[in-house]
Amino acid sequence: RVRGHNLVWPSWTYLPSDLKSLAGDPAGLKKRVDDHIAEEVAAMKGKIEVWDVVNEPYANHDIMDILGQDVMADWFRLARSIDPEVRLALNDYDIVAQGGLMANHQDYCYNVMDRMKNVLNAPIDSFGIQAHFGSNLTDIERVLQILDRFAALGLTLEITEFDVNIRDETLQAEYLRDFMTAAFSHPAVKNFVMWGFW
């Protein structure tokens, strides 16, 4: 099974360099992004289980600053129109990491997905929750509280990009065990993607 990562990472830093030249041409910028989505989804139709339609919009929003936040819903609709079978996700970080304390980041993602699903009727199926952990390991009870909150949106939850970047291998292994147990105990969590097989 293959996760398509990603269709739009909406920061000039992560986009082809020619897109920035369209900053003063909103219609041209929208067409360029839409054409890219259409090409990628069509090329991979039937080969991808889930697409991260938008990656990290909380911190990477140059395109939305020009086209508006609701353009993300358009991207989901476009992807669904080309491949009705693929699951469509928003993927973001610092949701369960950093001690589970990144409330502004969590609130932004919750509100964006709630608006897309319940106001704009965008076909968002899933929330990809990146899980990059460093020394500030999040208490497992807090992880479950966060998962409960996002599950209330009625989306599939997927743990993506999981790693524990600490030197204590015993603690690393114990946290991996506890986190995976918690994730797979939650009825909304359907996938788990490791980051860095080495």
Side-chain angles (χ1 to χ4, degrees), residues 1-6 8-11 49-61 64 69 72-73 76 86-120 122-198:
R1 297 181 300 166
V2 177
R3 179 180 199 91
H5 181 77
N6 55 71
V8 186
W9 198 350
S11 167
E49 177 178 83
V50 58
W51 268 113
D52 289 328
V53 177
V54 185
N55 190 51
E56 302 178 355
Y58 176 77
N60 299 282
H61 45 77
M64 286 84 82
Q69 286 288 313
M72 289 186 280
F76 277 82
V86 72
R87 279 200 331 276
L88 303 176
L90 183 145
N91 189 58
D92 217 323
Y93 66 97
D94 278 355
I95 304 302
V96 293
Q98 301 293 332
L101 301 173
M102 306 303 285
N104 289 342
H105 205 143
Q106 294 164 8
D107 291 346
Y108 169 84
C109 289
Y110 185 94
N111 292 334
V112 162
M113 291 184 294
D114 183 44
R115 177 170 172 77
M116 276 202 286
K117 182 175 183 203
N118 297 313
V119 177
L120 302 174
I124 182 169
D125 304 305
S126 184
F127 182 30
I129 301 173
Q130 294 181 29
H132 296 293
F133 291 96
S135 58
N136 188 13
L137 298 176
T138 305
D139 182 80
I140 296 300
E141 286 185 21
R142 177 67 182 135
V143 169
L144 288 169
Q145 290 170 353
I146 294 167
L147 295 177
D148 283 344
R149 178 187 184 197
F150 284 96
L153 289 170
L155 303 173
T156 295
L157 305 181
E158 303 180 75
I159 304 302
T160 63
E161 307 184 27
F162 179 88
D163 63 355
V164 182
N165 189 13
I166 57 175
R167 292 188 183 273
D168 183 336
E169 290 186 355
T170 300
L171 179 57
Q172 189 179 49
E174 289 171 351
Y175 194 75
L176 169 64
R177 177 200 63 212
D178 294 346
F179 189 92
M180 288 187 83
T181 300
F184 284 108
S185 77
H186 200 288
V189 176
K190 301 300 181 192
N191 276 327
F192 196 104
V193 179
M194 299 293 290
W195 191 257
F197 62 88
W198 55 88

Exercise. Scan residues 165-185 for pairs that pass side chain to side chain donor-acceptor pair (under 3.5 Å), counting only residues two or more places apart or in two chains.
Key: none
Self-check item: Member of I159, D52, N55 meeting the side-chain contact (heavy atoms from CB on, under 4.5 Å) criterion with Q130
Solution: N55
Set of side-chain contact (heavy atoms from CB on, under 4.5 Å) partners for [X], sequence neighbours left out:
X	result
A182	I140, L144
A151	L157, H186, A188
D139	E141, R142
R1	E49, N191

Quiz item: Hey, is the main chain of L153 close enough, under 3.5 Å, to the side chain of K117 for a donor-acceptor pair?
Solution: yes
Residue pair [X] / [Y]: nearest heavy atoms and the distance that separates them:
X	Y	value
A183	L147	CA-CD1, 4.4 Å
F76	A122	CB-CB, 4.4 Å
S11	N60	CB-OD1, 3.2 Å
G128	R3	CA-NH2, 3.9 Å

Exercise. Let me see the working for S126 and E158 under side chain to side chain donor-acceptor pair (under 3.5 Å), right down to the final yes or no.
Key: CA-CA 7 Å; S126 184; E158 303 180 75; 2.4 Å; yes
Please output the side-chain donor-acceptor pairs of residues 94-102 that fall under 3.5 Å, not counting sequence neighbours, one pair per line with the distance.
none

Exercise. Show the numbers, then the answer: is there a side-chain contact (heavy atoms from CB on, under 4.5 Å) between I124 and L155?
Key: CA-CA 8 Å; I124 182 169; L155 303 173; 4.1 Å; yes
Quiz item: Listed by chain and number, what are the salt bridge (Lys or Arg N to Asp or Glu O under 4.0 Å) partners of D125, not counting sequence neighbours?
Solution: R80
Quiz prompt | For D107, all residues meeting salt bridge (Lys or Arg N to Asp or Glu O under 4.0 Å), sequence neighbours excluded | solution = R149
Quiz item: Taking atom CD1 of I146 and atom CD1 of I129, what is their separation to the nearest 0.5 Å?
Solution: 8.5 Å
Quiz item: P57 versus L90: any side-chain heavy-atom pair under 4.5 Å?
Solution: yes
For [X], give me all partners under ring pair (Phe, Tyr, Trp, His ring centres under 6.0 Å), at least two apart in sequence or on another chain.
X	result
F192	F162, F184
Y58	H105, Y108
F150	Y110, F127

Quiz item: How far apart are the C-alpha atoms of V54 and N91, what are their side-chain angles, what is the distance that settles it, and do they pass the side-chain contact (heavy atoms from CB on, under 4.5 Å) test?
Solution: CA-CA 6 Å; V54 185; N91 189 58; over 6 Å; no
Self-check item: side-chain contact (heavy atoms from CB on, under 4.5 Å) assessment of N6 paired with V53
Solution: CA-CA 6 Å; N6 55 71; V53 177; over 6 Å; no
Practice problem: Mind checking side chain to side chain donor-acceptor pair (under 3.5 Å) for H132 and listing every partner two or more places apart, or none if nothing turns up? | Solution: E161, D163
Quiz item: Run the side-chain contact (heavy atoms from CB on, under 4.5 Å) check on M113 and N118 step by step: do they pass?
Solution: CA-CA 8 Å; M113 291 184 294; N118 297 313; over 6 Å; no
